[in-house]
Amino acid sequence: MSEPLLKLTDVSKSYGATAVLHDISLEVRPGEVLCLLGDNGAGKSTLIKVLSGFHEPTSGTFEVDGKPATFKSPRDAGEHGIACVHQFGGTFPLMSIGRSFFVGAEPTKGWGPLRRFDRKFAGEVAVREIRALGITRVTDGDRLVGGLSGGERQALAIGRAVYFGANVLILDEPTAALGVKEAAHVLRIIMQARQKGIAVILVTHNVTHAMAVGDHFAVLIRGTLAADFRKGERTREEITDLMAGGEAMAELEAEIEAYQREHAGQVPDPAELEQLADHQKPTA
Amino acid sequence: MAPVHTSTAPASDGATVPSESRGAALGNLVRRPETGALIGTLSVFVFFAIFGGSQFLSAGGTASWLNVAAELGIIAIPVGLLMISGELDLSVGSVLASSSMTLAIVSGHWGAPVGLGILLALGLGLLTGFLNGLLVTRTGVPSFVVTLATNFGLAGLTLGLSRVITGTTSVAIDPGSPAKELFGTLLANKFEVAIFWWIGVVLVVGWMLHASRYGNWILAVGGDTVSARATGIPVPKVKIALFMGSALGAALVGVIQTLLYNSAQVANGQAFVFNSIIAVVIGGVLLTGGYGSVVGVVLGTLTFAIVQQGIYYTGWNSDWASLILGILLLAAVLMNNTFRKMALSYAPKRKA
Ligand SMILES: Nc1ncnc2c1ncn2[C@@H]1O[C@H](COP(=O)(O)OP(=O)(O)OP(=O)(O)O)[C@@H](O)[C@H]1O
Ligand SMILES: [Mg+2]
């Protein structure tokens, strides 16, 4: 197995008095897709914000390529080759494709005071990179990003990260708002990035998507790393249960079914459902 | 990976040949933030050319709205830039008054060189802008509130200090040459030199927003601050610089007015607070940021000035000017929304 690109040891993060992440240790390897799973509020977005320099961890250490590193800002993380597409897009709806592709790293032409943004080059490169990811509908770099579909926007963001030489690509729920076809396309793009030797960290709530592309899975439950395993080590049911926060979904479903049988097909009302769920919780 | 497109795409649908092609001309117009503003400016101009008659079209008539536009424009352009980055500045009124009073007190009341007074006036503007920016970026309090507070605070400070120092609220100044010629004279007895300052501001800011890389930063900050930060843009620095820009514009108009009228009043300038926002919004800048152009703001400013001055040439009661401006503002926003939607959905036609 290859050396880890990124290694976290005992990373914790609190927002003021609320501790959100507890002693997370993780290794991220090149050419692998790490799926970060967990229920709403488990701390997935927080973990990747720490990874991408948005928040400094409260404690714990980072190593990049075996060397200790600290990220004080997203720029620091970027300099270490870590690119993040945050939840809900990460592109600029009213900017042109070319402009938004190069935000923060604008190509210029001309000299001295006449140095100016190279719109033509930016548009051409952006369109080329997006098309290289198989999105052939995009042909005009002057189009506004807001007119693209969700999948096309994800492709723009991923294409951008790849173009600027990211070796760790972090995607927060890139398939969340997408239809089946677009989601499949985004997964294919993720596999393409993986093939280039990029380490991909993928946050998702979708078991099918996770199992389709994941090499390595990490499950967060209430801010702790509850499970860390490789492809094939767990069944689909086990993963589903872990993602639901450790509650046995399958059993819960079975109980609902049993309830329905007893009550002539009637669905349990919320209070009763709660009781069923409580009954499921591991007594800690 | 990269060469994939070159061999396949152009044959099928003319990829990589952006916008320049024939069919795209209309689309390019629709995609520009100033299209709605242009229609607005042309409409009000034609309207007042008809109802205001030859007087409105004469040199004197033209000067009257150009002068108003120039003073408003020097403030509206940097305020527009700030609004594109997603922030508001309601403090320009007091910045104008305070720099105006500073110049009059330093060089009029105390008799120091006019150059020094101008520098201090502009410096005070920059300092206020810096404080606005610092407060907004450090505390996260919306700029609407921060600059509203600055506007009141600075107004009180200006009034209080003026009374303490001079005993009045209006101070005279005799600018002399060359300050008078540079800032506060009338060319051909009609046109303020401020018009040239305005043109200068338009050129510099236009270059900055549309040609330099910083323009891209400003659009990005206004479009999505979190993503902008993720790309490494120093968001707080950009915002602080923009607050300093709008305050500098207001301070410059303070200097211009003081040297033009040879006096300063503490109550000057408050009209610019909302007038600049009206001009910017009519000009197609999105109030929530991320979209807009300098040409649009120029057109919005012209529209505003033409309505405000044009009404005098119609012979109607000038009270109606505000009504027209109110309706125009609403119509402009609706029209700009429509154009923005068209811009978003516009895609070049694909050949089958
Ligand atoms: N800035 C903040 N201040 C305080 N608490 C926060 C902050 N951001 C997140 N939290 C809390 O941290 C916890 C983890 O949030 P996070 O956004 O990381 O969850 P998530 O796993 O990404 O959830 P989802 O799947 O819904 O996106 C939540 O309980 C949330 O309320
Ligand atoms: Mg999240």
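So that the names make sense, note that chain A is the first sequence line, chain B the second, and so on, each numbered from 1. Values reported hereafter were calculated over all heavy atoms of this structure, with side chains retained and with hydrogens, waters and symmetry mates removed.
Within a 6.0 Å sphere centred on OH of Tyr214(B), other residues, nucleotides and ligands contribute 12 heavy atoms or fewer. For Lys13(A), the NZ atom is densely surrounded, since the number of other residues' heavy atoms within 6.0 Å is greater than 12. Other residues, nucleotides and ligands place more than 12 heavy atoms under 6.0 Å from the NZ atom of Lys109(A).
Heavy-atom minimum distance, Pro93(A) versus Leu344(B): O-CD2, 3.6 Å. Nearest heavy atoms, Leu144(A) versus Ala343(B): CD1-CB, 3.8 Å. For the pair Arg213(B) and Ala105(A), the tightest heavy-atom approach, listed with the atom from each and the gap, is NH2-CA, 4.1 Å. Pairing each heavy atom of Gly104(A) with each of Trp217(B), the nearest pair is CA-NE1, 4.0 Å.
Contact of Leu114(A) with chain B is made through backbone and side chain together, with heavy-atom distances under 4.5 Å. For Ala83(A), no part lies under 4.5 angstrom from a heavy atom of chain B.
A distance of 5.5 Å separates CH2 of Trp207(B) from CZ of Arg116(A), quoted to the nearest 0.5 Å. With values rounded to the nearest 0.5 angstrom, Leu94(A) atom CG is found 11.0 Å from Ile84(B) atom CD1. Between the CZ atom in Phe102(A) and the CG atom in Asn216(B) there is a gap of 10.5 Å [rounded to 0.5 Å]. In this structure, CZ in Phe92(A) is found 5.5 Å from OG1 in Thr231(B), a value given to the nearest 0.5 Å. Going from atom CG of Asp224(B) over to atom CE of Met95(A) covers 10.5 Å, rounded to the nearest 0.5 Å.
For the options Gly223(B), Gly290(B), Ala211(B), heavy-atom pairs under 4.5 Å to chain A are most numerous at Ala211(B).
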